Amino acid sequence: VWFSAMTALERIAEELGVNERWIEKGGAHWLNPGTLTVRDIAHTMNASNARFVTITAYQLPDDEGFRLEYHWDLDGQLVGFPLHISGDSIESIYDLCEAADWIEREIHEGFAINFRGREYEPLLLRQGDKPGVNLREEVR
């Protein structure tokens with residue numbers, strides 16, 4: 001049985017218990033996950049046979065934390081979940097989505113965001129470099 005992308009998106013929102021509607025912007029569908037954790041989202045997306053694509057990180061102005069956008073491919077449709085973190089850590093999804101390994105490590109090194117529940121092997125940092133030295137404002 002073939003399902004349209006919108007039907008799959010509506011089913012995902014329902015499974016996540018999110019009452020908001022998907023917003024189409026920039027060629028992708030976005031859903032504000034509210035108070036859901038990234039692991040809740042990853043479990044639901046995995047169950048929907050979606051493929052994890054990447055995470056985009058932004059440092060918010062005025063010390064308001066970070067915005068992490070989690071991107072997934074669902075039958076050729078890009079879907080995203082923006083998450084705001086006020087501190088410097090969030091749960092890792094590497095154990096649920098192996099493709100998250102590299103980008104979690106990149107974000108850790110670039111923004112000094114810790115992904116709880118995982119170990120890190122250096123990607124680009126040299127001996128003595130502190131995570132966040134290249135991108136995070138207060139570390140520079």
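None of the values given here were measured: they were computed from a predicted structure. Scope of the values below: all heavy atoms of this structure, side chains included, with no hydrogens, waters or symmetry mates.
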Apart from Leu123 itself, which Ile, Leu, Val, Met, Phe, Trp or Tyr residues share its cluster (side-chain heavy atoms under 4.5 Å, direct or through members)?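 For the cluster that includes Leu123, the remaining residues are Trp102, Leu124.
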With heavy-atom distances below 4.5 Å as the criterion, would you say the side chains of Thr56 and Leu68 are in contact?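 Not in contact.
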Quick one: closest heavy-atom pair of [X] and [Y], and the distance?
X      : Y      : result
Pro131 : Ala112 : O-CB, 3.3 Å
Arg118 : Tyr94  : NH1-CB, 3.6 Å
Cys97  : Ala42  : SG-CB, 4.3 Å
Glu69  : Trp30  : OE1-CH2, 3.6 Å
Leu125 : Pro122 : O-CB, 4.3 Å
Phe52  : Ala100 : CE2-CA, 3.5 Å

Do the side chain of Asn32 and the main chain of Gly34 share a donor and acceptor less than 3.5 angstrom apart?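 Side chain of Asn32 to backbone of Gly34: a pair is present.
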Is the backbone N or O of Ile93 less than 3.5 Å from a side-chain atom of Glu104, with the two atoms forming a donor-acceptor pair by type?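 Yes, because the side chain of Glu104 sits within donor-acceptor range (under 3.5 Å) of the backbone of Ile93.
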Tell me whether the centres of the aromatic rings in Trp72 and His29 are closer together than 6.0 Å.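 No, too far apart.
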Between Val38 and Leu74, is there shared hydrophobic-cluster membership here, with clusters defined by ILVMFWY side-chain heavy atoms closer than 4.5 Å?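 Shared cluster, yes.
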Single-linkage hydrophobic cluster Leu83~Leu96, side-chain heavy atoms < 4.5 angstrom: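 In one cluster with Leu83: Leu96, no.
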[atom1] of [X] to [atom2] of [Y]: how many Å apart, nearest 0.5 Å?
X      : Y      : atom1 : atom2 : answer
Leu36  : Leu16  : CG    : CG    : 5.5 Å
Ile90  : Phe115 : CD1   : CZ    : 6.5 Å
Ile113 : Ile85  : CD1   : CD1   : 4.0 Å
Thr54  : Ile107 : OG1   : CD1   : 6.5 Å
His108 : Ser92  : NE2   : OG    : 11.5 Å
Ile23  : Leu31  : CD1   : CG    : 8.5 Å

Which residue pairs satisfy the salt bridge (Lys or Arg N to Asp or Glu O under 4.0 Å) criterion with at least one member in residues 24-43, sequence neighbours excluded?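 For residues 24-43, and leaving out neighbouring residues, the salt bridge (Lys or Arg N to Asp or Glu O under 4.0 Å) pairs sorted by first residue read Arg39-Asp95.
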Other residues, nucleotides, ligands: >12 heavy atoms within 6.0 Å of Glu64 CD: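 Correct, the count exceeds 12.
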Answer yes or no: are there more than 12 heavy-atom neighbours, outside Arg126 itself, under 6.0 Å from its atom CZ?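 Result for CZ/Arg126: open.
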Inspect the contact between Glu15 and Arg11 and indicate whether a charged nitrogen and a carboxylate oxygen are less than 4.0 angstrom apart.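 A salt bridge is present here (some side-chain N lies under 4.0 Å from a carboxylate O).
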Does the structure place the NZ or CZ of Arg105 under 6.0 Å from the centre of the six-membered ring of Tyr120, at an angle of no more than 45° from the ring's axis?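 Judged by the rule, Arg105 and Tyr120 form no cation-pi pair.
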With side-chain contact (heavy atoms from CB on, under 4.5 Å) as the test, would you mind laying out the steps for Phe66 and Tyr58 before giving the verdict? CA-CA 6 Å; Phe66 298 90; Tyr58 305 93; over 6 Å; no
Applying side-chain contact (heavy atoms from CB on, under 4.5 Å), run through Glu109 and Asp129 and close with a yes or a no. CA-CA 9 Å; Glu109 289 186 6; Asp129 285 348; over 6 Å; no
Run through Ile55, Val79, Leu78 and flag the one making a side chain to side chain contact (heavy atoms under 4.5 Å, CB included) with His71.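 That would be Leu78; it is the only one of Ile55, Val79, Leu78 passing the side chain to side chain contact (heavy atoms under 4.5 Å, CB included) with His71.
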What do the steps show when you test Glu106 against Ile103 for side-chain contact (heavy atoms from CB on, under 4.5 Å), and what is the final call? CA-CA 5 Å; Glu106 276 189 35; Ile103 192 63; 4.0 Å; yes
Could you walk me through whether Phe81 and Trp22 pass the ring pair (Phe, Tyr, Trp, His ring centres under 6.0 Å) check? CA-CA 10 Å; Phe81 299 90; Trp22 289 90; 5.7 Å; yes
